Amino acid sequence: MKNFGKELKDDFVIESGYTCVNHSSFGYIPKCVLQSRIDNYRKFLENPDSFARYIIPKQSPIVRKTAAEFLNANFNQCFFSNNSAESMNSIIKNLGLTDKDTILYLNIAYPMVKNVIKYMNTHFNVNTCMIDLKVEDLKKEIILQYIEENMKTKKITVAILDNISSFPSLKLPIKEFVELCKKYDVISIIDGAHGAGIREINLKELDPDFFFTNLNKWAFCPCSVNLLYVKEKYLNLIHNNTISVFYGAGIEKEFEYYGTRDASIILSVIDGINYINSFGLKQIIEYCENLAWEGSNLVAKIWQTELLVQDQSMHSAMVNVLVPHKDHPYIMDCQKICFEKYNVFIVLYEFDGRSWARFSASIYNCLEDYEYAAKQFLNVLKNEG
Amino acid sequence: MIKNFGKELKEDFVIESGYTCVNHSSFGYIPKCVLKQRIENQLRFLQNPDSFIRYQIPKESPIVRKTAAEFLNANFNQCFFSSNSAESMNSIIQNLRLSDKDTILYLNIAYPMVQNVVKYMNTNHKVNACRIELKVEDLKNEIILQQIEENMKTKKITVAILDNISSLPSIKLPTKEFVELCKKYDVISIIDGAHGAGISEINLKELDPDFFFTNLNKWAFCPCSVNLLYMKEKYLNQIHNNTISVFYGAGIEKEFEYYGTRDSSVILSVIDGINYINQFGLKQIIQYCEELAWEGSELVAKIWETELLVKDKTMHSAMVNVLIPHKDHSYILECQKTCFEKYNVFVVVFEFDGRSWARFSASIYNCLEDYEYAAKQFINVLKKEG
């Protein structure tokens, strides 16, 4: 078994010569997982009737069991969708929300989540309550305090919190959040898009009303598979956002088939989880979190800036660094040039009036990757590249 | 060197060795050359998804849309890709702002997904539903159109949906006259062209429906699954992708280009499939497939000593329906499974007007033997002699 780091890159499906410091938007997979994926895909294409009508109904529960076990949940409450958008849409649109209801969320929620909320507000007059966090508020106690304050003073119907947010990226206090939701009788949704494979998740213990996570971001499944978890009481309420032939036939069927598509991809979930288990989840998390931290600190040093949040415990394997420039459109141009010229893509976003870069670390990354990314990006920024 | 249609073409296709395919159309089968390209595109996507999604797809997607739109004689600005008919149908219906003051008109032979979307609108938004009940004897263009017009005349219909080629049973439907009726009675027209591109000559500029959607994987040799959604210009600011995601509100083009992490590299194969069609000629393909489906199904009916659902050849595409010589549908479904497991042939069966029917499809790699084999094995199983 190879060590984490540079020597492992060979084992991954990554474009030759490309420096990857953004493992997490879509995920990258090991070659062994790709091999299986292509075999499964071919089997599907060679006999889709067999695959969709017989093989998937038999295999899907088995795959769900594996994924559910990985997250310590009952497979009867776990279903696969393509992505977080499908899972989020399926949840929110089936809660029967009206103008008497209010959705609580943070300003750092993922754009898709915010758009679903905006959609509910526009089309169903559902009320929204956004907690506006600034850089100085990015502390667990403050976040929880704001959440509780709002739950106390307003009648909140449903609240959503990231497991690990995207922009900026921080580990959020989901345990305490679920407890607050229970205390104030609020439906809890955990956006665990970043979750499986990069954080130890125990759904039985956490006990949220809803949880969804991508298996492709950190669990080495090809892009894209999402697992949607729902508390038992919602099993008869939630429908797949895409109404199709199995509408009304039960949530299991509704998510097993909802229109012609390549469902063979779910078979790769097992391969990804096996790959994780061959190293150990704890070991992977430790390596990635430490490298993301170390790498981002190095970037901050090279850029002569700083990390968004100085507390290491608030981070997963994604860390945010201040970009040494104030013109965001210019920074976005530089992102493209840096990619085209230096073959490295840097995630950039705006938060609290400044521009930030987000660096991710996976098991094939090493410190050099962040040094390279930092130096080339700075060259481009300064027009020296 | 271009091969002839029929048996010799089968080895050019990605079909399980030893499998007899008489159901080309549920999911579609692709030529090996298309698969090869598909795998290359997929690999490129996986090797650098940031590059693919953020830079390549925005550049390539309009080009692919142009190719597909041209194939259907439409403006690419009005054409968008989704994964399947369900996504397209959901996106249309759920954004028409229908309420309890509206009525959706459809046929009893509409595809189950379509009927469920209508049911959903009725359950959740109290939209009224008006279903035309057709029996075997009503499966004639004139009767179907008459019933549609009657309902449009006597009721205030908001939106009506008709298949281009229905699924179960499968017949070619009078879409041109349907759109004209919709215009006459001020009804929004939706054509479910799931079965369309590649097996039907489609001219959207001429047909001019409000909405049209078609799978590229059923008959246009694109891997499963890609769907093209077409709409009239006036709806471009109204229709949203049913999956609300990061580009919600950024314009319909963006909403369908990206709506959550997925392998969108599959759309690149649309061009490969259309190129494959064009090397033979769409007319030639349609002619071969329609003739073979008819001939093959008549042979089945002869072997089964039953009959075709509809005797008029002009009402058929490359899918034909044959009466099953048995009356217990549950038993028939078991036989379907047994026949598949034992004889490696899957026969599509469905219920209509109190009887059970089989549907046979023909593609360019099929030949008469396929239908003879399917018919004989299925009857063996039915009679418990298999």
Side-chain angles (χ1 to χ4, degrees), chain A residues 13-16 18 20 22 25-29 34 37-38 41-54 82-86 88-89 110-112 115-116 118-119 193 214 216-217 222-224 226 239 241-248 258-262 265 336 339 345 347, chain B residues 14-17 19 21 23 26-30 35 38-39 42-55 83-87 89-90 94 111-113 116-117 119-120 215 217-218 223-225 227 240 242-249 259-263 266 337 340 346 348:
Chain A
V13 179
I14 300 174
E15 187 187 292
S16 175
Y18 182 69
C20 178
N22 179 35
S25 287
F26 301 97
Y28 289 77
I29 59 176
L34 176 65
R37 167 84 189 104
I38 295 195
Y41 188 45
R42 191 181 288 269
K43 252 206 306 165
F44 161 64
L45 291 171
E46 282 178 345
N47 199 334
D49 275 315
S50 167
F51 215 91
R53 297 171 200 270
Y54 299 127
N82 282 330
N83 47 50
S84 288
E86 290 191 358
M88 177 69 183
N89 276 258
Y110 188 66
M112 173 278 289
N115 280 343
V116 171
K118 180 169 152 191
Y119 172 87
N214 281 62
N216 55 288
K217 285 179 185 294
C223 180
S224 174
N226 192 276
H239 292 281
N241 181 51
T242 302
I243 305 293
S244 187
V245 298
F246 286 116
Y247 172 62
Y258 50 108
T260 51
R261 54 192 266 270
D262 174 16
I265 193 174
K336 191 162 195 223
F339 168 71
F345 180 81
V347 174
Chain B
V14 179
I15 299 174
E16 188 187 291
S17 174
Y19 182 70
C21 178
N23 180 36
S26 286
F27 301 97
Y29 289 77
I30 59 176
L35 175 65
R38 169 84 190 102
I39 302 264
Q42 188 180 58
L43 190 67
R44 257 197 312 144
F45 161 65
L46 292 171
Q47 282 177 340
N48 199 334
D50 275 315
S51 167
F52 211 90
I53 299 296
R54 298 171 199 270
Y55 299 127
S83 288
N84 49 51
S85 290
E87 290 192 358
M89 177 69 183
N90 276 260
Q94 296 201 46
Y111 189 65
M113 173 277 290
N116 280 343
V117 171
K119 182 168 149 192
Y120 171 85
N215 280 63
N217 55 288
K218 285 179 185 295
C224 179
S225 172
N227 193 275
H240 292 281
N242 183 50
T243 302
I244 305 294
S245 187
V246 298
F247 286 116
Y248 172 62
Y259 50 108
T261 51
R262 53 194 266 268
D263 178 7
V266 68
K337 193 163 191 224
F340 169 71
F346 181 81
V348 173

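Naming convention: chains lettered A, B, ... in sequence-line order (proteins, then strands); numbering from 1 in each chain. None of the values given here were measured: they were computed from a predicted structure.
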Given that the side chain runs from C-beta out, which part of [X] has a heavy atom under 4.5 Å from chain B: side chain, backbone, both or neither?
{"X": "I38(A)", "answer": "side chain"}
{"X": "Y247(A)", "answer": "both"}
{"X": "K43(A)", "answer": "neither"}
{"X": "S16(A)", "answer": "neither"}
{"X": "F339(A)", "answer": "side chain"}
{"X": "N226(A)", "answer": "neither"}

- prompt: Can you tell which of Y111(B), F45(B), Y120(B) has the highest number of heavy-atom pairs within less than 4.5 Å of chain A?
  reply: Y120(B)
- request: Select, from M89(B), R262(B), K218(B), R54(B), the one with the greatest count of heavy-atom pairs under 4.5 Å involving chain A.
  value: R54(B)
Looking at [X] and [Y], would you say the former's side chain and the latter's main chain have a donor-acceptor pair under 3.5 Å?
{"X": "S225(B)", "Y": "R261(A)", "value": "no"}
{"X": "N23(B)", "Y": "D49(A)", "value": "no"}
{"X": "D263(B)", "Y": "C223(A)", "value": "no"}

Most chain B-contacting option - heavy-atom pairs closer than 4.5 Å, from [options]:
{"options": "N89(A), I265(A), V116(A), I29(A)", "value": "N89(A)"}
{"options": "S244(A), A193(A), G259(A)", "value": "S244(A)"}
{"options": "Y258(A), Y41(A), F246(A)", "value": "Y41(A)"}
{"options": "N214(A), V347(A), L45(A)", "value": "L45(A)"}

Could you check whether any side-chain heavy atom of [X] comes within less than 4.5 Å of a side-chain heavy atom of [Y], counting everything from C-beta outward?
{"X": "Q47(B)", "Y": "I14(A)", "answer": "no"}
{"X": "I243(A)", "Y": "Q94(B)", "answer": "yes"}
{"X": "R53(A)", "Y": "K337(B)", "answer": "no"}
{"X": "L46(B)", "Y": "P222(A)", "answer": "yes"}
{"X": "N47(A)", "Y": "F346(B)", "answer": "no"}
{"X": "S50(A)", "Y": "F340(B)", "answer": "yes"}
{"X": "L34(A)", "Y": "L43(B)", "answer": "yes"}
{"X": "M112(A)", "Y": "V246(B)", "answer": "yes"}

Spacing of [atom1] belonging to [X] relative to [atom2] belonging to [Y], to within rounding of 0.5 Å:
{"X": "T243(B)", "Y": "N241(A)", "atom1": "OG1", "atom2": "CG", "value": "5.0 Å"}
{"X": "N82(A)", "Y": "E87(B)", "atom1": "CG", "atom2": "CD", "value": "7.5 Å"}
{"X": "R38(B)", "Y": "D262(A)", "atom1": "CZ", "atom2": "CG", "value": "7.5 Å"}

Considering all heavy atoms, the nearest T261(B)-S25(A) contact: CG2-O, 3.8 Å
Criterion ring pair (Phe, Tyr, Trp, His ring centres under 6.0 Å) on F27(B) and F51(A), from CA distance to verdict: CA-CA 10 Å; F27(B) 301 97; F51(A) 215 91; 9.9 Å; no
- prompt: Does CZ belonging to R44(B) count more than 12 external heavy atoms closer than 6.0 Å?
  reply: yes
